[in-house]
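Worksheet for the structure shown next.
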Amino acid sequence: MDGPEGVRGKEEAAPGREAGDAEEAGDGFQLVTHGKKKKRASGQEGGGAGSGAVLGAGSVGALTKDKGAAPGTKPKVPFHDPSIPRPQDVYKIRVDNYKPFEHVWLERSEDGTRPVHPLEKLPVEHFVDRNVPECEPVKPADIEDTPFTLVEDHKGLMELAKKLKSVTEFAISTRREDFIVDTLKLRIYIGLYLQEPFKDPTKRKVMHGVDRDIMWLQRDFHIYVCNLFDTGQASRVLQMERNSLEHLLLHFCGVTAKKEYQNADWRSRPLPEEMIKYAREDTHYLLYIYDLMKQRLQRESTPENDLLLEVHKRSNEICLQFYEKELLTDTSYLHIYGLQEHELNAKQLAVVAALHGWRDRIARQEDESTGYVLPNKALIEIAKQMPTDNGHLKRIVKSKYPFVESSLDEIIYTIWNALEYSYAFEGIAEQLKKERLEQLALKSVPASDETTILDAESDRSNIDPACQSSVAPSSTANVNVASDGGAGFMNETALISSIHLEDNTQTISSTKIFETLPGLTRPINKDALSNNRYQQELWEIQHLEDRQRILEGFQRRSFRVGAMWTTLDLLCFLTSSSLVG
């Protein structure tokens, strides 16, 4: 769930196809499945005669060359093999996707309100090593000539911890030996053995681009890092052409990393040799890169601009962050990657919010990635088309996503429900449209034309608040479903359990069992509403009676959700809905 959106986008296209295909997904990747080949909508076949890399669970044959491919082309790398069982099932990994995360191994502040990171007690200057030798650092031996240990059991983990405690700096690899740790098999033990060397402030940890890695170490292993040198931050301070590890490996070591393996299916056991080599390259050269970058940082520093200190400050700031479990809020849907690129109206935005809430609930319940349940791209496409029957929905998703396929009725109902309350999204849709137009206008202004930009900012600041687009008062409606023998029925009695007016929003709320329509409650700019809040609240009050009558009508009927929507149900639904008009 923590993977970058750009990486996740490639993975999201994969799940749920029929078994047997090795469908090429671009960049040399294949989705490995099992069964007959099926043609794509575009007419292309999923895997030609020579492309079939069929991977059994844990098979070493994961990486294969396309027999019909031209010489020199990359091997096709499967990035999702549905035949591999889930690691949490295989290794009995227990997770709680609802309870807030607790940093149980850390001390608490004096008032007990927050955890205290070990770094808080140490000044950043304590970690700056200005002992930079003038001679050129020694490049490490080739990977083939370096001892390597794949840590897969308690004994190996104990040996690794012992070796890390014996050195003054490490990048999981040391200057003499490479290590790869099976973090799935040893997940529950890694923190016990490795937290001490990672937390030890006397040992330098060299890592690259660790913003997400720090969160992962805390979440899965309760490991907190002290004395970090992030080569990614160093490349930014040095204003290098590119900041990726791939670029640093090529620039400093002359090594071309096979980054196509970054998105491979790393659940495969045993790991193929090509993937092991890629993983080793990620850390084998890091200490040497650190030596070269430290020299350059020291050389280019001035009394007024200490570059080495700046890298350590940035690295410390990353380490001091605390992992928090992602929570579903009323505005979470607004952070969906790519949402701002689409001009969605109020109805479409309401569907986005509702589907986002449904996806979050299923992902937590099933312990799956939200991108696997329903990718962002597919979610937005469903919202744009607003399907109202199963056939239309199936044509959009094309049976790619197992959880969608098994929840067609539920999703269709979620969309119907969202459309009923889409009026609450009109203000948000207008605000998003306004922000998008402002961004486009700023992009069209030449960067050198500072006067024009300043004038534009001045014009915006002088707009009368009463004329600005404001967020419409929000409302929330939740629907309950009581299960009876496995068949789901809507409990309309709980459709409206309370109606209340607050300071600047009106909320219709009810007990949450079946589905929440998130995104309907959003803080409102009181200044922007000062001149029109009365009219908006009056409009809401005038429609309360109609909505109450609709909901009371729902209470007298039963909509079958788990099985199907009958014609009578739909007629009653549409007839009641016409009261709003």
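Keep in mind it's a predicted model, so treat the numbers as computed, not measured.
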Q.
Listing request: all side-chain hydrogen bond (donor to acceptor under 3.5 Å, both in side chains) pairs with a residue in residues 291-301, at least two apart in sequence or in separate chains.
A. Asp129-Lys294, Arg175-Asp291, Tyr290-Lys294, Arg296-Glu300

Q) Should Glu274 and Lys258 be marked as a side chain to side chain contact (heavy atoms under 4.5 Å, CB included) after you check the CA-CA gap, both sets of side-chain angles, and the distance that decides it? A) CA-CA 9 Å; Glu274 296 92 335; Lys258 296 182 178 180; 5.7 Å; no

**Q.** Distance (rounded to the nearest 0.5 Å) between Leu164 CG and Tyr193 OH
**A.** 14.0 Å

Q) So, do Arg269 and Leu184 sit near enough that their side-chain heavy atoms are less than 4.5 Å apart? A) yes

Q: Kindly write out the residues that satisfy side-chain contact (heavy atoms from CB on, under 4.5 Å) with Glu341, not counting sequence neighbours, or none if the list is empty.
A: none

Q: Kindly give the heavy-atom pair with the smallest separation between Leu327 and Ser332, and that separation in Å.
A: O-OG, 3.5 Å

Q: Check His208 against Thr231 and note the closest heavy-atom contact, atom names and distance.
A: ND1-OG1, 2.8 Å

Q.
More than 12 heavy atoms of other residues, nucleotides or ligands under 6.0 Å from CD of Gln365: yes or no?
A. yes

Q | Tyr323 side chain reached by Lys325 side chain, heavy atoms, under 4.5 Å | A | yes

Q.
Any non-hydrogen side-chain atom of Phe229 less than 4.5 Å from a side-chain atom of Leu297?
A. yes

Q: Would you name the heavy atoms of Val225 and Cys319 that are closest together and state the gap between them?
A: O-CB, 3.4 Å

Q: Decide if the gap between the ring center of Phe198 and the ring center of Tyr224 is smaller than 6.0 angstrom.
A: no

**Q.** More than 12 heavy atoms of other groups within 6.0 Å of Lys139 NZ
**A.** yes

Q: Could you pull out all residues at least two apart from Phe179 that satisfy ring pair (Phe, Tyr, Trp, His ring centres under 6.0 Å)?
A: none

(Q) Surrounding CD of Glu125 (heavy atoms of other residues, nucleotides or ligands, distance under 6.0 Å), is the total greater than 12? (A) yes

**Q.** Set of side-chain contact (heavy atoms from CB on, under 4.5 Å) partners for Thr283, sequence neighbours left out
**A.** Ser173

Q: Before giving the answer on side chain to side chain contact (heavy atoms under 4.5 Å, CB included), spell out for Trp266 and Leu271 the whole-Å C-alpha distance, their side-chain angles and the decisive distance to 0.1 Å.
A: CA-CA 7 Å; Trp266 287 87; Leu271 286 173; 3.8 Å; yes

Q: Could I get the full list of ring pair (Phe, Tyr, Trp, His ring centres under 6.0 Å) partners for Phe252, not counting sequence neighbours?
A: none

(Q) Please enumerate all residues that pass ring pair (Phe, Tyr, Trp, His ring centres under 6.0 Å) together with His154, with sequence neighbours excluded. (A) Tyr189

(Q) So that I can tick it off, tell me whether Lys185 and Asp153 are bridged by a salt bridge, with the cut-off set at under 4.0 angstrom between side-chain N and carboxylate O. (A) no

Q.
If the condition is side-chain contact (heavy atoms from CB on, under 4.5 Å), which residues does Asn316 pass it with, not counting sequence neighbours?
A. Leu119, Val124, Phe127

Q | Pairs involving residues 187-210, ordered by first then second residue, that meet salt bridge (Lys or Arg N to Asp or Glu O under 4.0 Å) (sequence neighbours left out) | A | Lys165-Glu196, Arg187-Asp220

Q | Check: Phe101 ring centre within less than 6.0 Å of His103 ring centre | A | yes

Q. When rounded to the nearest 0.5 angstrom, what is the spacing between CD1 in Ile214 and CG in Leu228?
A. 5.5 Å

**Q.** Partners passing side chain to side chain donor-acceptor pair (under 3.5 Å) against Glu107 (at least two apart in sequence or in another chain)
**A.** Lys121

(Q) When you compare the side chain of Asp282 with that of Leu245, does any pair of heavy atoms fall below 4.5 Å? (A) yes

Q) Out of curiosity, Glu310 CD to Leu238 CG, how far, rounded to the nearest 0.5 Å? A) 11.0 Å

Q) With sequence neighbours left out, which residue pairs that include part of residues 87-104 fulfil the salt bridge (Lys or Arg N to Asp or Glu O under 4.0 Å) condition? A) Arg86-Asp89

Q) OG1/Thr370 to CD1/Ile336 distance, rounded to the nearest 0.5 angstrom? A) 9.0 Å

(Q) Just so I know, are the side chains of Thr168 and Thr202 near enough to count as touching, which here means a heavy-atom distance under 4.5 Å? (A) no

**Q.** Atom of Tyr372, atom of Pro402 and distance for their closest heavy-atom approach
**A.** OH-CG, 3.6 Å

(Q) Do Leu248 and Met240 make a side-chain contact, defined as non-hydrogen atoms from C-beta onward lying under 4.5 Å apart? (A) yes

Q: Over all heavy atoms of both residues, which pair between Met275 and Ala264 is shortest? Give the atoms and the distance, please.
A: CE-CB, 3.8 Å

(Q) Between the side chains of Glu246 and Arg242, is the shortest nitrogen-to-carboxylate-oxygen separation below 4.0 Å, so that they form an ion pair? (A) yes

Q: Test salt bridge (Lys or Arg N to Asp or Glu O under 4.0 Å) on Lys313 and Asp306 and set out the steps.
A: CA-CA 11 Å; Lys313 284 182 177 179; Asp306 191 334; over 6 Å; no

Q) What about Phe221 and Trp216, are their ring centers closer than 6.0 Å? A) yes

Q: Output yes when Asp265 and Arg267 qualify as a salt bridge under the 4.0 Å nitrogen-oxygen rule, no when they do not.
A: yes

Q) Between Ile190 and Asp182, what is the shortest heavy-atom contact and its length? A) CD1-O, 4.5 Å

Q: State which residues pass ring pair (Phe, Tyr, Trp, His ring centres under 6.0 Å) with Tyr91; sequence neighbours excluded, sorted by chain then number.
A: none

Q: Take atom CD of Gln239 as the centre, draw a 6.0 Å sphere, and report whether it contains more than 12 heavy atoms from other residues, nucleotides or ligands.
A: no

**Q.** pair Leu106-Pro118: side-chain heavy atoms closer than 4.5 Å
**A.** yes

(Q) Could you measure the distance from the NE2 atom of His117 to the CG atom of Leu320? Nearest 0.5 Å is fine. (A) 5.5 Å

(Q) Between Leu217 and Arg212, does the side chain to side chain contact (heavy atoms under 4.5 Å, CB included) criterion hold? Intermediate values first, please. (A) CA-CA 9 Å; Leu217 289 171; Arg212 292 183 180 273; over 6 Å; no

Q: Please identify each residue that fulfils side-chain contact (heavy atoms from CB on, under 4.5 Å) with Ile143, with sequence neighbours left out.
A: Arg280, Glu281, His284, Tyr285

Q) Hey, does Asp230 have a side-chain heavy atom less than 4.5 Å from the side chain of Arg314? A) no

**Q.** Full working for side chain to side chain contact (heavy atoms under 4.5 Å, CB included) between Ile172 and Ile180
**A.** CA-CA 8 Å; Ile172 290 298; Ile180 293 179; over 6 Å; no

Q: Identify the residue among His356, Arg359, Glu381 that makes a side-chain hydrogen bond (donor to acceptor under 3.5 Å, both in side chains) with Asn376.
A: Arg359

Q) If you round to the nearest 0.5 Å, how far is CG of Asp360 from CG of Leu328? A) 4.5 Å

Q. Would Lys259 and Tyr278 satisfy side-chain hydrogen bond (donor to acceptor under 3.5 Å, both in side chains), going step by step from the backbone distance to the final call?
A. CA-CA 8 Å; Lys259 299 302 287 185; Tyr278 164 76; 3.2 Å; yes

Q. Side chains of Thr149 and Glu177: donor-acceptor distance under 3.5 Å anywhere?
A. yes

